[in-house]
Amino acid sequence: MRWTDRQRAMLLEMGIRLWPDATSNGASEAAETQLEVKSAQHALTPPPEQERSATAVVLPTAADLQQAPVPVRDDAVPISSGLSAMDWPELQVAVSRCTACRLCEARRQTVFGVGNRRAHWMIVGEAPGEQEDLAGEPFVGKSGQLLDNMLRAIQLTRDEAAPQRQVYIANTVKCRPPGNRNPQPDELARCEPYLIRQLDLVRPRIILAMGRFAVQSLLRSSEPIGKLRGRVHDYRGVPLIVTYHPAYLLRNLPDKARAWDDLCLAVETVKTCTGP
Ligand code: SF4
C-alpha cells in the first residue's frame with residue numbers, strides 16, 4: 001500500500017520526513033514502501049521473550065469486548081459510593097463539583113473529557129495544562145493540534161464520525177496541577193475512579209495511553225514509556241497501547257517516528273479484535 005496524499009501530509013505534520021523527498025517517481029515509491037514495511041514490521045514484531053512483561057496478552061475477540069465491562073479496580077479510592085452506577089450527566093456533575101484532592105483549589109474548571117461516548121478508541125492523557133484549564137477540554141493548543149494530526153493520519157477524529165472512526169479523550173486527572181507540575185500519587189489515586197467510570201461507560205475497543213502518568217495509572221507500572229511501548233498491554237480485557245504524550249513529542253521530534261509506529265500497532269490491534 002502507498003501513502004495517500006493525506007497520510008503523507010499528516011506524517012509530515014507529525015515531523016516524520018519521507019526519505020527521499022516524496023515524489024511520484026518509482027524510486028521514491030520504493031523508498032516509501034521500505035519505510036512503511038519497516039514501520040509495520042517494527043510495530044508487529046513481537047518483542048524478545050525477555051522483554052515481554054506480564055501484561056502482554058492474547059487479544060480479546062469483539063464478542064469478548066462486548067460482554068466484559070471494565071470493572072472498578074479494587075484499590076481505587078472511593079469518591080462516591082454511587083460512582084459505579086452513574087450515567088454520563090451524573091458523572092460530569094460529580095467531577096465538576098469534586099473537591100477530593102488539593103487540585104480543586106487552583107482550577108478554573110474541571111476538564112472532563114471530549115469526543116464520542118460510544119467511540120471505539122479511547123485516548124487517555126495526563127493532566128490539564130493552562131489552556132485545557134481555560135477551555136475545559138483536554139488536548140487543546142499545540143499538543144492538541146499534534147494529537148488531532150496524529151489521529152487524522154489514521155483516519156480518526158474527535159469530531160462527528162462513525163464510532164469506529166471516533167475517539168473519546170480523557171485525562172488521568174481532571175484538574176490542572178498548579179504551574180503545570182506533575183500530578184502527585186495521591187492526586188492520581190483520588191481522581192482515578194472517574195477515569196475508570198469513563199472507561200466503563202465508553203467501553204472502548206482500544207485504549208491509547210499517552211504519557212507517563214496515564215501509563216502509571218492504567219498499568220501500575222513505573223517503567224519508562226520507551227520500555228512499555230511497542231507491544232499490546234491489557235487493561236481489564238481491553239487492549240492498551242502505550243505511546244508518548246504529544247506535549248513530549250513537540251519537544252522530542254525524533255520520537256515522533258516511534259509514536260507513528262505505536263499508532264500503526266494500535267490500528268493493527270483494532271483490526272485483529274474487530275475485523276477489517
Ligand atoms: Fe477531584 Fe480529580 Fe479534581 Fe482532584 S483532580 S479535585 S480528584 S476531579
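Read the numbers this way: they start at 1 and go in the same order the structure lists the ligands and their atoms. The figures here come from the full heavy-atom set of this structure, side chains too, leaving out hydrogens, waters and symmetry mates.
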Does R107 come within less than 4.0 angstrom of ligand 1, counting non-hydrogen atoms of the residue? yes

Ion pair present between R212 and E126, side-chain N to carboxylate O less than 4.0 angstrom? no

Pairing donors with acceptors under 3.5 angstrom, does anything connect the side chains of Y248 and D255? yes

Whether D261 and R258 form a salt bridge (side-chain N of Lys/Arg under 4.0 Å from carboxylate O of Asp/Glu) is what I want to check. no

Does this structure show an ion pair linking R158 with D148, if we count only N-O contacts that are shorter than 4.0 Å? yes

Can you tell me if, anywhere in C191, an N/O/S atom lies at a distance from atom 3 (Fe) of ligand 1 that is smaller than 2.8 Å? no

Atom indices of ligand 1, in the order listed, that fall short of 4.0 Å to a heavy atom of C175: 3 (Fe), 5 (S), 6 (S), 8 (S)

For C104, the ligand 1 atoms whose distance to one of its heavy atoms is below 4.0 Å: 6 (S)

Hey, does K271 have a side-chain heavy atom less than 4.5 Å from the side chain of E268? yes

Relative to the heavy atoms of C98, which atoms of ligand 1 are at a distance of less than 4.0 Å? 1 (Fe), 6 (S), 7 (S), 8 (S)

